[in-house]
Amino acid sequence: MSVSMKDLDPAFRGSGQKDGLEIWRIENFKPVPIPASSYGKFFMGDSYIILKTTALKNGSLRHDIHYWIGKDTSQDEAGTAAILTVELDAALGGRAVQYREVQGNETEKFLSYFRPCIMPQPGGVASGFKHVEANNQDHETRLYVCHGKHVVHVKEVPFARSTLNHDDIFILDTKSKIFQFNGSNSSIQERAKALEVVQYIKDTFHEGKCEIASVEDGRMMADPEAGEFWGFFGGFAPLPRRAPAEGNEKHEETAIKLLCFDQGKLEPVNYESLAHELLQTNKCYFLDCGAELYVWMGRTTSLQERKGASEAAEKLLSDSNRTKTHIIKVIEGFETVMFKSKFKEWPQTPDLKLSSEDGRGKVAALLKRQGLNVKGLMKAAPAKEEPQSYIDCTGNLQVWRVNDKDKALLSSSDQSKFYTGDCYVFQYTYAGDDKEECLIGTWSGKKSVEEDRVTAVSLASKMVESAKFQAVQVRLYEGKEPIQFFVIFQSLQVFKGGLSSGYKKFIAENGIDDDSYSEEGLALFRVQGSGPENMQAVQVEPVASSLNSSYCYILHDGNTVFTWAGNLTTALDQELMERQLDVIKPNTQSRSQKEGSETDQFWSLLGGKSEYSSQKMVRELESDPHLFSCILSKGNLKVKEIHHFTQDDLMTEDVFILDCHTSIFVWVGQQVDVKVRLQALDIGEKFVVLDFLMENLARETPIFTVTEGSEPPFFTRFFTWDSAKSLMHGNSYQRKLAIVKGGGAPALDKPRRRTPVYSGRSTTQDKSQRSRSMSFSPERVRVRGRSPAFTALAASFESSSNRNLSTPPPVVKKLYPKSLTPDSLNTSSKSSAIAALAGSSDRPTETPTPESIKDGSESEKPKQEEDAKDGAGTMNNRVESLTINEDVKENEPEDDEGLPIYPYERLKTTAADPVTEIDVTRREVIV
């Protein structure tokens, strides 16, 4: 169905062409655009049309149309808004989802456009906008009630004590102060969100000039703020227990009804099972779910039929007095996830066909293989931007192979050589934006056994738990690795077979031949990657059908080595092949083969010629992220999507999932119970199985678990991130209250870090260089949050034999010139703690680790562990003492305001020389 632009109202022309909001108000039954400065201001006597255009990562535009109906608007005006919404959708191509919004019962999606809330004002076009303007000279005291954990529904209620109750949150807006009254049964999250409304009222109606007070339900008159609050209600009195307010009543669960709208009439559709096949493309249908009424419009229905269906939906709700039911209109082929979930099953969206460029490339490869000139046939493909890893590629790596319910540490020369029948655990520490990060993960090969997979995840989880959940954990499967994994390993080889006892036992019990890689045998490797910092060699079946014109290959049979370059490969692809050859067959002469001019010996090793592909394998693209709040109850996972999310939506008491299609992130707040923290990976796996967005998520999708305060850059990139917020103490309400009363997020003094080196095409290095050395000095000590000078000093304490004793120790600069806090000192040892706890049961040989986990003979292992622990503790104490003394040496250090700064040691109650200028009863507050 299409609509002529001549029939479209001029106010709609050119709309929906760029990302953002567009709003029209209905005036005299015509849409009139309102200025952007008035977005979010609604009048009770009016109706509005709101268009939200979203630019997706795939380059397309998504449209959501809402029509908002004020409680005092006329029926005719509301009907006009509904009809104009259908016309606007038709002009945009008939792909938009349309929502009916009634004042006081708006959808969370709609409210998310106007955070923190909307507060409709009296008046409208018909009344000449005769409404009261708020000002300080003639301020009317008002009482509001707030509902919602993620978006807030705000409603003005009668200013009377009888309005208050224990279940809700109320905001009392007076001339000089705004009070938030927290009902005893309200949640912490709702209280925190209500504070955003308090801030909005302060900025909007008080020009930011008024006080803010919080009052807890049950607090007596002894509290000055509580006394002042109750004074507006004639004094304190206990609130009676009462039933929830009418506005909180929930829709009773009703049986889903399907009705067909045909030729102006509604007819019920009888069915045993709600199936997709019941919907005919030339008709409109109503799916009545009680709280929502879906209007489904077939692709071949006319504009008039759609208008008629829209009017019939309005009439259906009006006749049955269902004022709170949402009307959601969807077009065939562009249904919402919630609509599709109502059906027994919904067919998957067909895969897109190859583009013309892909087809042209395939033809060119075939012709070139036949010896024909293809110059001019191939059009230069546009440069594709490589995905960024958002992770420092110069960190430290340790890898263990899972074997017999334990893990064995691999040497630096073997830690990038994986077998498809084995499972591995890895730990990577690297520089983040303002602190050192740690990533602990598992990699399971396609042929690995389930027992080893379970063991790997269990061992990694114990490492994360030992690190007090300050490390990010990731679960990976072969073939579904994210770019962060490849950047960590940089040069990776994946061999066939396995070395673990679990794999050997499995093939023996099942009578499977052991095809594990042998340097003396026949093997074929496909080389892939985007640069020296991201390249892999994957062993494939040694047959001609494994070849691909878009890749380079290494073929060897003992010391007979061939390299093969497809006709669609680049100079970079061939360079990566040479680099991988140096690893797989070093110091061995190879014979180069070009596609189309291979020798008979080459084909003989592959068992003869055969057809093979020329299309490059394309990894799944990252989709637009979706954020969900999660509740795990009795083994069942309940999720709720949060629209247009921000960092403030991540409540410290809850668990959230960020779904990017190619990866799943499970974010766990600091206030979450430890038992739930331990289930974070299980929550992610349940979400993948649930597949809430019906995007056909693979069971092997990478799952990251992230703890609040330890968010890595490749997670925070999805937000406008303020690290100070995640480092605040207290629950969500306490944090928000501190920000609202303080006027902004607290600024934290942090030690400066070197700039992280992120991988990507822009960081491609010469062949003689490496982003990160795979072999490190065992004497090198990396400590979280410490400067290079500090690290050098620590290393000198750990091994005094490394320097000439006649040489004075390196100079240590003052680390924290502005302040010296216990938090900053504790942060500095975080990396060492993670490494020591995570790897205490292993003896690394060539990987840099603290002295407490260095290699030693098995006979002296217990004694060395004890001595090392004492030594490490002595080193840390000496280093920290030196740092403090360095600060004390300066004469009366001061901060920017001229106030004195004292070392932490003198603030302790047990200090030999305590500070006398500070009230000891307020010591904890000062610290």
Side-chain angles (χ1 to χ4, degrees), residues 104 111 114-119 134 136 139-239 244-245 247-248 648-649 651-653 671 725 728 730-746:
L111 291 176
F114 308 103
R115 290 173 182 261
C117 65
I118 62 171
M119 301 181 70
N136 290 331
H139 188 279
E140 180 181 352
T141 299
R142 298 175 184 270
L143 184 65
Y144 303 92
V145 64
C146 300
H147 302 107
K149 288 176 58 175
H150 306 298
V151 294
V152 187
H153 292 264
V154 181
K155 179 182 178 182
E156 186 175 354
V157 292
F159 175 32
R161 177 165 39 200
S162 59
T163 303
L164 304 176
N165 61 65
H166 298 292
D167 301 310
D168 297 323
I169 298 167
F170 295 86
I171 296 175
L172 179 64
D173 179 18
T174 71
K175 183 176 181 179
S176 60
K177 184 177 288 188
I178 304 173
F179 297 87
Q180 176 169 316
F181 175 82
N182 301 315
S184 57
N185 297 332
S186 62
S187 68
I188 292 175
Q189 297 91 326
E190 287 182 307
R191 298 179 186 187
K193 280 297 176 183
L195 280 172
E196 297 180 6
V197 179
V198 170
Q199 184 67 52
Y200 172 80
I201 294 175
K202 176 181 177 180
D203 296 338
T204 305
F205 301 108
H206 295 267
E207 299 179 348
K209 300 175 182 177
C210 73
E211 296 182 49
I212 293 175
S214 62
V215 178
E216 298 300 321
D217 184 9
R219 183 177 294 178
M220 297 297 104
M221 294 288 291
D223 179 64
E225 291 183 342
E228 187 178 357
F229 170 80
W230 287 111
F232 285 96
F233 295 92
F236 174 80
L239 299 178
N248 292 342
D648 289 336
D649 288 310
M651 297 287 193
T652 186
E653 298 81 14
Q671 301 287 328
K725 291 182 179 180
M728 293 181 70
N731 59 40
S732 299
Y733 173 67
Q734 293 167 338
R735 297 180 186 186
K736 187 70 68 175
L737 186 62
I739 294 175
V740 170
K741 285 193 172 184

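The analysis underlying the following values was restricted to heavy atoms, covering all of them including side chains, and did not include hydrogens, waters or symmetry mates.
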Is any side-chain heavy atom of [X] less than 4.5 Å from a side-chain heavy atom of [Y]?
{"X": "Leu111", "Y": "Val152", "answer": "no"}
{"X": "Lys175", "Y": "Thr141", "answer": "no"}
{"X": "Ile201", "Y": "Met119", "answer": "yes"}
{"X": "Tyr200", "Y": "Ile171", "answer": "no"}
{"X": "Leu172", "Y": "Phe181", "answer": "no"}
{"X": "Ile188", "Y": "Met651", "answer": "no"}
{"X": "Ile739", "Y": "Met728", "answer": "yes"}

So which heavy atom on [X] is nearest to which on [Y], and how close?
{"X": "Gly730", "Y": "Arg735", "answer": "O-NE, 2.9 Å"}
{"X": "Lys149", "Y": "Ser187", "answer": "CG-OG, 4.1 Å"}
{"X": "Tyr144", "Y": "Glu156", "answer": "CD2-CA, 3.7 Å"}
{"X": "Tyr733", "Y": "Arg191", "answer": "CD1-CB, 3.4 Å"}
{"X": "Lys177", "Y": "Ala213", "answer": "CD-CB, 3.8 Å"}
{"X": "Val740", "Y": "Ile212", "answer": "CG1-CD1, 3.1 Å"}

State the [atom1]-[atom2] distance between [X] and [Y], to the nearest 0.5 angstrom.
{"X": "Gln180", "Y": "Glu216", "atom1": "CD", "atom2": "CD", "answer": "8.5 Å"}
{"X": "Leu143", "Y": "Phe232", "atom1": "CG", "atom2": "CZ", "answer": "11.5 Å"}
{"X": "Asn182", "Y": "Ser214", "atom1": "CG", "atom2": "OG", "answer": "6.5 Å"}
{"X": "Leu239", "Y": "Asp167", "atom1": "CG", "atom2": "CG", "answer": "10.5 Å"}

Any sub-3.5 Å donor-acceptor pair from [X]'s side-chain atoms to [Y]'s backbone N or O?
{"X": "His166", "Y": "Asp217", "result": "no"}
{"X": "Glu653", "Y": "Ser732", "result": "yes"}
{"X": "Arg161", "Y": "Trp230", "result": "no"}

Determine the sole option in Lys202, His139, Glu140 for which the side chain to side chain contact (heavy atoms under 4.5 Å, CB included) test with Asp173 is passed. His139
Assess whether a salt bridge exists between Lys193 and Glu196, defined as any Lys/Arg side-chain N lying under 4.0 Å from an Asp/Glu carboxylate O.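 Counted as a salt bridge, because a side-chain N and a carboxylate O are separated by less than 4.0 Å.
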Do Arg115 and Asp649 meet the salt-bridge criterion of a basic N to acidic O distance under 4.0 Å?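 Arg115 and Asp649: salt-bridged.
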Can we call the ring centroids of Phe236 and Phe229 under 6.0 Å apart? no
Sequence-distant partners of Asp203, side-chain contact (heavy atoms from CB on, under 4.5 Å), two or more places apart: Gln199
Apply side chain to side chain contact (heavy atoms under 4.5 Å, CB included) to the pair Asp648 and Lys725, showing each step before the final yes or no. CA-CA 9 Å; Asp648 289 336; Lys725 291 182 179 180; 3.1 Å; yes
In this structure, are over 12 heavy atoms from other groups packed under 6.0 Å from Glu211 atom CD? no
